[in-house]
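Take a look at the structure set out below.
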Amino acid sequence: MSGEPQRTLLLWCPDWPVLAAEIVDGVPATDPVVVLHANRVIACSERARAEGIRRGLRRREAQGRCPHLTVVDHDPGRDVRAFEPVVAAVEEVVAGVEVIRPGACATAARGPSRYLGGEEAAAERIVEHVAQSCAVESQAGIADGVFAAGLAAREGRIVTPGGTREFLAARPVEALGRPALADLLRRLGVRTLGEFAALPAGDVLARFGFDGALAHRLAGGRDDRPLAVRQPPADLTVTADYDEPVDRVDAAAFAARMLAERLHERLAGYGLACTRLGIEAVTAHGQELHRVWRHDGLLTAAAIADRVRWQLDGWLSGSNGRGGTRPARPTAGIVRLRLVPDGVLAQAGLQPGLWGETGEERERAHRALSRVQGILGPEAVVTAVLGGGRSPADQVRLVPWGDERAPARPGPPPLPPAGAAPGAASAPVVVPAGGGAGRRAGRGRAVAEPPWPGRIPPPAPAVVLPTPLPADVRDAAGEPVVVSARLTVSAAPARLTVGDGRPAEITGWAGPWPVDERWWAPAEARRRARFQVSLADGAALLLAVEGGQWLVEAIYD
């Protein structure tokens, strides 16, 4: 583990994707502008926020709140090209700048604070120089570690040395930038970084894995490296020489992909993973270019290739800042490209995925499903989300792939009864035929304070029919079984006929469970009772009777 986190100065440019669209494409950032990725807002201008638009909104909802909205597609290459002049301007003031992501870069605070007259003076000097050179507004923050400095930069704040833990304690868990982890922590009752940091590190690692352990260190104000980062051996560097100078972006992208795969394979051979990548290029005229990219996790081969391609695109395109001078573009094509893993850590303890490296199968699945959506539409790929409700059909909501997996109704389904066997969820709750006892047993299981009164007890059925099937239920004498308004069953169910099929003997049943919904709206009012029945052939069904008509709603496995 690393020791005390280093004092870090981080420069942050708010709404950078919007500013990049203005710098490169001329989109006026003073108008209501949003940047979309996967049909959701990832960045918006100040005017757009004034119209009620926030990150995470879908395109249709954002346009509904602001009809005259300007929509721009997300382009990581554009963001990098536009950010290159800002990084170059920062390097004119300080040395050793690391790019966190387009719109944010960091450097050690000790050096600039010593020769610029203090941390506050250094931050003001860098922000002022960026504004004068690139006409870009920015904010600087200083704290112990990159993560805390990033949060401080959003407030333009300098956290006192040793006060980072207190600074982070009151922040919500969403500040970690991990939506899935934040949602899980909130459901577990952990709402702030201070509460998360108070959990034992071993328990966090066992419950949330490597990424959760890294987030736990960040929440505690420690360095964002879970293991000690060391300088890699010299033989880890990969270099490519080109006979013909590379001066086109497409040729540079191909070269970046090949070199990134070589670097990743070499690191994997040593059991290492890269967390900080140095990109060096030499032109035909001897000009040397250098940039360092930093990543919170482990850089995969695809992630390395993306950063190299973005950086080469930024160098070769020579984009300029708003109102600033054009940065020094290479006077000739690139003849040598070198990748230096400036920060590595041991990859021990990371279990490879079933079809490749960790997380690769999820990325492949996401790309494949997103492509299907692009061909057939967003509603062509859906996933099921469990929520609240009284009937099995009400408890499942189909959500398009990529959308927020939020239940349509509040209240998670209740847990299985205490002491239930692992296989108890695969069989219906039934008792031997016998009206009163069966009714009391079935209803007794459903009164454990469920989130939705009137819902059927667990286990849940395996198949929910999209259209209920008509059925006929009769007693031992062959008379139809009816349920009165007071939920009195005329006789014990003995035979069941589904549609035009043959009658089947009922060997066990439980119920009724009444549902009286929307009684205050006569046009929408619905009153019915449900039963669980098991048949002689081993099948188990969920039945409902409404208006004297029996229906098969679901099938148990």
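Residue numbers run from 1 in the order of the sequence given.
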Exercise. Nearest 0.5 Å, what's the CG-CG distance between Leu69 and Leu36?
Worked result: 8.0 Å

Exercise. So, does Ser534 use its side chain to make a donor-acceptor pair with the main chain of Ala540 at under 3.5 Å?
Worked result: no

Exercise. Distance-only, no hydrogens or angles: does the Gln139 side chain make a donor-acceptor pair with backbone N or O of Trp12 under 3.5 Å?
Worked result: no

For this session: Could you label the plane-to-plane angle of the Trp293 and Trp310 rings as parallel, tilted or perpendicular, counting under 30° as parallel and over 60° as perpendicular?
Result: tilted

Exercise. Nearest heavy-atom pair of Asp79 and Trp16: which atoms, and what distance?
Worked result: O-NE1, 3.1 Å

Exercise. How far apart are the C-alpha atoms of Phe196 and Arg191, what are their side-chain angles, what is the distance that settles it, and do they pass the side chain to side chain contact (heavy atoms under 4.5 Å, CB included) test?
Worked result: CA-CA 8 Å; Phe196 185 38; Arg191 295 176 173 81; over 6 Å; no

Exercise. Under the 3.5 angstrom rule, does the side chain of Arg49 hit a backbone N or O of Cys44 as a donor-acceptor pair?
Worked result: yes

For this session: Decide yes or no on side chain to side chain contact (heavy atoms under 4.5 Å, CB included) for Arg526 and Glu546, but give the supporting numbers first.
Result: CA-CA 8 Å; Arg526 189 179 184 188; Glu546 182 176 359; 3.1 Å; yes

Problem set entry | Candidate pair Glu155 and Arg171, rule salt bridge (charged side-chain N to carboxylate O under 4.0 Å, His left out), full reasoning | CA-CA 13 Å; Glu155 303 177 4; Arg171 307 280 166 171; 2.5 Å; yes

For this session: State, yes or no, whether a side-chain contact exists between Val396 and Val385 at a heavy-atom distance under 4.5 Å.
Result: no

Exercise. So which heavy atom on Ile506 is nearest to which on Pro493, and how close?
Worked result: CD1-CB, 3.7 Å

Exercise. Does Val489 reach the side chain of Pro512, with side-chain heavy atoms less than 4.5 Å apart?
Worked result: yes

Exercise. Is a side-chain N or O of Arg40 found less than 3.5 angstrom from the main chain of Gly56, in a donor-acceptor match?
Worked result: yes

Exercise. Backbone N or O of Ile42 within a donor-acceptor pair of the Arg55 side chain at under 3.5 Å?
Worked result: yes

Problem set entry | Under-4.0 Å salt bridge between Glu505 and Arg495 | no

Problem set entry | Beyond-backbone contact of Pro514 with Leu487, side-chain heavy atoms, under 4.5 angstrom | yes

Exercise. Out of curiosity, Leu199 CG to Arg207 CZ, how far, rounded to the nearest 0.5 Å?
Worked result: 11.5 Å

For this session: Kindly indicate, with the supporting measurements, whether the criterion salt bridge (charged side-chain N to carboxylate O under 4.0 Å, His left out) is fulfilled by Arg65 and Glu61.
Result: CA-CA 6 Å; Arg65 297 185 180 184; Glu61 185 176 355; 3.0 Å; yes

Exercise. Counting N and O atoms only, with roles assigned by atom type, does the side chain of Arg307 sit under 3.5 Å from a partner on the main chain of Ala303, one being a donor and the other an acceptor?
Worked result: yes

For this session: Look up atom OG1 in Thr70 and atom CD in Gln63, then write down how far apart they are to the nearest 0.5 Å.
Result: 10.0 Å

Exercise. Taking the side chain as C-beta and beyond, is there a heavy-atom pair between Pro179 and Glu174 under 4.5 Å?
Worked result: no

Seminar exercise, completed: Separation between CZ (Arg530) and CG (Leu543), nearest 0.5 Å, reads 12.0 Å

Exercise. Looking only at heavy atoms, which two atoms of Ala492 and Trp509 are closest? And how far apart?
Worked result: CB-NE1, 4.1 Å

Problem set entry | Donor-acceptor contact below 3.5 Å, side chain Ser45 vs main chain Val33 | yes

Seminar exercise, completed: In this structure, CG of Leu193 is separated from CD of Glu195 (nearest 0.5 Å) by 9.5 Å

Problem set entry | Student check: side-chain heavy atoms of Arg178 and Asp211 closer than 4.5 Å | yes

Exercise. Which atom pair, heavy atoms only, marks the closest approach of Leu176 to Ala215?
Worked result: CD2-O, 3.7 Å

Exercise. Under 3.5 Å, side chain of His216 to main-chain N/O of Val204, donor-acceptor pair present?
Worked result: no

For this session: Carefully, step by step, assess Arg528 and Glu553 under the rule salt bridge (charged side-chain N to carboxylate O under 4.0 Å, His left out).
Result: CA-CA 12 Å; Arg528 66 190 189 277; Glu553 288 190 341; 3.8 Å; yes

Exercise. Does the side chain of Leu10 reach to within under 4.5 Å of the side chain of Val146, using non-hydrogen atoms?
Worked result: yes

Exercise. Do the side chains of Leu151 and Leu168 get nearer than 4.5 Å, heavy atoms only?
Worked result: yes

Problem set entry | Test item: Leu496 and Trp550 side chains (from C-beta on) under 4.5 Å apart, heavy atoms | no

For this session: Determine, using ring centers only, whether Phe531 and Trp513 are less than 6.0 Å apart.
Result: no

Exercise. What heavy-atom pair brings Gly52 and Leu57 nearest, and what distance separates the two atoms?
Worked result: O-CD1, 4.1 Å

For this session: Tell me, with the steps shown, if Val34 and Val72 meet side chain to side chain contact (heavy atoms under 4.5 Å, CB included).
Result: CA-CA 6 Å; Val34 296; Val72 180; over 6 Å; no

For this session: For the pair Asp183 and Arg186, evaluate salt bridge (charged side-chain N to carboxylate O under 4.0 Å, His left out) and give the outcome as yes or no after the intermediate values.
Result: CA-CA 5 Å; Asp183 179 67; Arg186 282 199 170 273; over 6 Å; no

Which pairs would a plain distance check flag for residues 471-484, meaning a side-chain donor or acceptor within less than 3.5 Å of a matching protein atom at least two apart in sequence or in another chain?
| from | atom 1 | to | atom 2 | distance (Å) |
| --- | --- | --- | --- | --- |
| Asp472 | OD2 | Arg474 | NE | 2.8 |
| Arg474 | NH1 | Gly478 | O | 2.9 |
| Asp475 | OD1 | Ala477 | N | 3.1 |
| Asp475 | OD1 | Gly478 | N | 3.0 |
| Asp475 | OD1 | Glu479 | N | 2.7 |
| Ser484 | OG | Arg486 | N | 3.4 |
| Ser484 | OG | Thr488 | N | 3.0 |

For this session: Can you measure from CG (Leu542) to CD1 (Ile555) and round to the nearest 0.5 angstrom?
Result: 10.5 Å

For this session: Cation-pi check, Arg165 to Phe167: give yes when NZ or CZ is under 6.0 Å from the six-membered ring centre and within 45° of the ring axis, no otherwise.
Result: no

For this session: Determine, stepwise, if the pair Thr383 / Arg397 fulfils side chain to side chain contact (heavy atoms under 4.5 Å, CB included).
Result: CA-CA 8 Å; Thr383 57; Arg397 175 193 176 205; over 6 Å; no

Problem set entry | Heavy-atom closest contact (Leu535 atom, Ala504 atom, distance) | CD1-CB, 4.1 Å

